[in-house]
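Sequential numbering from 1 along the given sequence is applied to the chain's residues. Any value given below was found using the heavy atoms of this structure, including those in side chains, with hydrogens, waters and symmetry copies removed.
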Amino acid sequence: TDELHAEFSGFNQAVRVAAGEETTLTLSGGAFTNVIGDFTWLSEVKIGDQMLMPTIVNQGEMTVTIPALQAGIYDL
């Protein structure tokens, strides 16, 4: 096809989004949060050198907004 995509590796499967468009991505898994005493660590998402803060994060799921990217393959 002529569609441009940004693909992300680093998961059990490839994640594909349309290039040039901001996209909301929900990731499912485990241990996205860790609590020790009164302190809670939250996961972040890194794409290339960009650190993105999730809009929603809990133990088994997080949602992050992926900025508009050029077509290519990115580590997530």
Side-chain angles (χ1 to χ4, degrees):
T1 70
D2 292 334
E3 293 181 55
L4 298 177
H5 293 90
E7 294 187 15
F8 303 99
S9 60
F11 286 95
N12 295 337
Q13 64 185 32
V15 175
R16 193 175 234 202
V17 299
E21 296 178 15
E22 187 175 90
T23 304
T24 299
L25 183 63
T26 299
L27 307 170
S28 298
F32 289 127
T33 62
N34 289 294
V35 178
I36 296 178
D38 292 334
F39 193 81
T40 301
W41 280 273
L42 301 176
S43 297
E44 298 174 331
V45 175
K46 183 177 180 183
I47 298 175
D49 352 346
Q50 293 184 59
M51 292 300 291
L52 307 174
M53 291 301 300
T55 53
I56 298 171
V57 61
N58 59 48
Q59 184 65 21
E61 187 174 85
M62 74 173 149
T63 301
V64 64
T65 301
I66 306 296
L69 298 171
Q70 294 181 355
I73 297 175
Y74 299 85
D75 287 328
L76 178 65

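Taking both residues in full, the closest heavy atoms of Glu61 and Ser28 are given as OE2-OG, 3.9 Å, listed atom of the first, atom of the second, then distance. Residues Ala19 and Ala71 share a closest heavy-atom pair of CB-N, 3.7 Å. Minimum interatomic distance between Asn58 and Phe32 (heavy atoms only, all atoms of both residues): O-CB, 3.1 Å. Scanning all heavy atoms of the two residues, the minimum distance from Ser43 to Ala31 falls at OG-O, 4.2 Å.
Cluster membership for Met53 and Met62, using ILVMFWY side-chain heavy atoms within less than 4.5 angstrom, is not shared. Residue Ile56 is not grouped with residue Ile47 when hydrophobic side chains (ILVMFWY) are merged at heavy-atom distances under 4.5 angstrom, including chains of intermediate members. The cluster map of Ile, Leu, Val, Met, Phe, Trp and Tyr, joined by side-chain heavy atoms under 4.5 Å apart, puts Leu25 and Leu42 in the same cluster.
Distance NZ/Lys46 to CG/Leu52: 11.0 Å, rounded to 0.5 Å.
A donor-acceptor pair under 3.5 Å is absent between the side-chain atoms of Thr63 and the main chain of Thr55, judged by distance alone.
Side-chain contact between Thr33 and Val57 is present, with at least one heavy-atom pair separated by less than 4.5 Å.
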